[in-house]
Amino acid sequence: MDLAKVRADFPSLQNQNGRKAVIYFDNACQTLRPRQVIETINRYYHDFPACSGRSMHRMAAEVTREVDQAREKVAKFLNAGRKEEIIFTRNTTEGVNLLASALNWRPGDVILVTDKEHNSNLIPWQMVAKRWGAILRVVRTRDDNTFNWDNFEHAFKDGAVKLVAMGYTSNLDGVTLPATDIIKYAHRQGALVFLDAAQTVPHQRVNVRALDVDFLAFSGHKMLGPSGTGVLYGKYRLLEQLEPFLVGGDTVSTSTFDSCQFLPPPEKFEAGLQDYAGIMGLAAAVQYLSQIGFDSIEKQERLLNEYLTKALSEIPGLKIIGPADPRLRGGIVSFYIEGIDHHRIALMLDQMANIAVRSGQHCVHSWFNSRGVSGSVRASVYFYNTLEEAQQFVEALIKIRKVL
């Protein structure tokens with residue numbers, strides 16, 4: 001990977017108005033966008049800003065063709081069995097809510113989650129438990145936040161588990177689940193498996209058929225794509241069984257005053273006019289990532305995390321969340337310093353060194369509250385970040401530590 005050439009694709013990484021370019025370490029929130037994605041979005045609005053699948057004119061036909069090609073590209077990217085297994089959503093959150101609302105629930109159904117789920121993969125299941133009498137069971141991780149097999153297997157002993165719904169890679173600490181083994185075990189017990197892959201799909205190759213996962217969701221804005229775009233993947237036979245979440249235009253083939261005929265997947269889940277420019281932009285992001293290659297992405301993230309982990313571990317009072325081995329934390333380094341407000345650290349990094357990080361509880365309030373930790377600073381890198389940027393981050397943090 002030619003890093004200099006790659007960075008030239010990202011307008012946000014260039015000097016602007018005489019100001020030095022930002023060091024962007026907030027990639028777990030959302031990534032920057034390359035010009036190829038931006039140009040694709042603009043092409044829709046400039047050349048054919050029309051509806052897909054509704055009108056017969058040439059502009060509409062072009063949109064329909066672009067959306068269909070985008071679905072094919074995403075399906076190939078995930079190695080889905082067919083393009084109809086790809087449902088376009090606004091984000092991972094909508095995908096989780098779609099699934100939570102569409103599954104047929106009965107009182108006593110058990111849902112398993114981990115103890116460090118993003119709110120988007122926790123609150124929807126809390127609502128299912130409240131509305132339908134399902135049982136939400138939390139599988140506690142080990143002390144270092146890695147997956148606990150004993151706790152997982154024990155969770156199957158009391159009541160039939162209907163669904164295992166877990167974050168494939170944690171946005172808190174970057175730890176990735178042993179998903180293949182989890183899915184195999186869950187299926188042997190008769191349970192379905194959903195993976196929140198918002199932090200996985202942008203960083204490593206995900207093959208849904210090799211995993212044999214039943215459902216999987218991710219967001220475009222975390223993988224170079226436009227905000228307001230996402231995907232819910234599902235095995236087609238399971239999607240056929242689901243009731244639609246949102247209904248209305250484009251979900252039915254016909255209707256009367258008292259009935260309707262729903263279209264097959266994915267159409268019955270994509271109600272109303274869609275974000276066609278965003279869908280096209282998402283396909284451009286998929287193409288860009290495929291050209292970079294996940295071997296290069298993982299190599300660069302590992303290089304940066306290994307450096308950051310070693311350097312930060314030497315700062316007095318600093319605690320890194322998750323396992324000590326940076327190879328187990330992808331591109332995320334989440335940390336806190338005893339006695340120092342995490343938001344203050346983030347603000348000083350921005351004001352002193354133009355370094356962008358995330359501070360707070362990262363939508364994983366349940367984990368922080370259960371452990372009495374007020375919050376953390378999260379530095380999250382991506383393939384376009386450099387070792388020089390990591391060094392500047394450490395230097396700035398050392399200066400901040402000396403004055404606080």
Is it the case that more than 12 heavy atoms not belonging to [X] sit under 6.0 Å from its [atom1] atom?
X: H154; atom1: NE2; value: no
X: D143; atom1: CG; value: no
X: E243; atom1: CD; value: no
X: R58; atom1: CZ; value: no

Parallel, tilted or perpendicular: ring planes of F152 versus Y185, cut at 30 and 60 degrees:
tilted
Parallel, tilted or perpendicular: which fits the ring planes of Y44 and Y276, with parallel below 30° and perpendicular above 60°?
tilted
List the atom pairs, with distances to 0.1 Å, where a side-chain N or O of residues 343-355 and a protein N or O form a donor-acceptor pair under 3.5 Å, not counting sequence neighbours.
unit_1: H343; atom_1: ND1; unit_2: S359; atom_2: OG; d: 2.8
unit_1: N354; atom_1: OD1; unit_2: R19; atom_2: NH2; d: 3.2
unit_1: N354; atom_1: ND2; unit_2: K20; atom_2: O; d: 2.9

Are F88 and F269 an aromatic pair, judged by ring center distance below 6.0 Å?
no
With no hydrogens and no angle check, just 3.5 Å: does a side-chain donor-acceptor pair link [X] and [Y]?
X: D173; Y: S170; value: yes
X: H362; Y: S376; value: yes
X: H221; Y: N91; value: no
X: D196; Y: N121; value: no
X: R140; Y: N151; value: no

Going by side-chain contact (heavy atoms from CB on, under 4.5 Å), name the residues that satisfy it together with K184, two or more places apart in sequence or in a different chain.
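For K184, the residues satisfying side-chain contact (heavy atoms from CB on, under 4.5 Å) (neighbours in sequence not counted) are T180, R188.
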Partners passing side-chain contact (heavy atoms from CB on, under 4.5 Å) against T64 (at least two apart in sequence or in another chain):
S52
Would you say [X] and [Y] make side-chain contact, with heavy atoms under 4.5 Å?
X: D115; Y: V139; value: no
X: K130; Y: Q126; value: no
X: K83; Y: P266; value: no
X: I87; Y: F245; value: no
X: W105; Y: I111; value: yes
X: I182; Y: W149; value: yes
X: I398; Y: I315; value: yes
X: I321; Y: F368; value: yes

Gap between atom SG of C29 and atom NZ of K222 - 0.5 Å precision
5.5 Å
Run the side-chain donor-acceptor check on residues 232-239: report pairs under 3.5 Å with partners two or more places apart or on a different chain.
unit_1: K235; atom_1: NZ; unit_2: D212; atom_2: O; d: 3.2
unit_1: K235; atom_1: NZ; unit_2: D212; atom_2: OD1; d: 2.7
unit_1: K235; atom_1: NZ; unit_2: D214; atom_2: OD1; d: 3.1

Pair D144 + R142, salt bridge at N-O below 4.0 Å:
no
Short side-chain to backbone donor-acceptor contact, R137 and A155, under 3.5 Å
yes
Over all heavy atoms of both residues, which pair between Q274 and G272 is shortest? Give the atoms and the distance, please.
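Scanning both residues completely, I find the closest heavy atoms to be NE2-O, 3.0 Å.
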Check residues 278-300 and write down every donor-acceptor pair under 3.5 Å in which the side-chain atom is one partner and the other belongs to a residue at least two apart or another chain.
unit_1: Y288; atom_1: OH; unit_2: D9; atom_2: OD2; d: 2.8
unit_1: S290; atom_1: OG; unit_2: V286; atom_2: O; d: 2.8
unit_1: Q300; atom_1: NE2; unit_2: N385; atom_2: O; d: 2.8

Please evaluate residues T309 and R329 with respect to the criterion side-chain hydrogen bond (donor to acceptor under 3.5 Å, both in side chains), reporting the C-alpha separation (whole Å), side-chain torsions for both, the decisive distance (0.1 Å), and the verdict.
CA-CA 10 Å; T309 297; R329 288 187 277 103; 2.8 Å; yes
Residue pairs fulfilling salt bridge (charged side-chain N to carboxylate O under 4.0 Å, His left out) with at least one residue in residues 306-319, sequence neighbours excluded
K310-E314
Under the side chain to side chain contact (heavy atoms under 4.5 Å, CB included) rule, what do L195 and F215 come out as? Steps first, then yes or no, please.
CA-CA 6 Å; L195 293 178; F215 304 98; over 6 Å; no
Could you walk me through whether E267 and D250 pass side chain to side chain contact (heavy atoms under 4.5 Å, CB included), step by step?
CA-CA 7 Å; E267 286 89 352; D250 285 345; over 6 Å; no
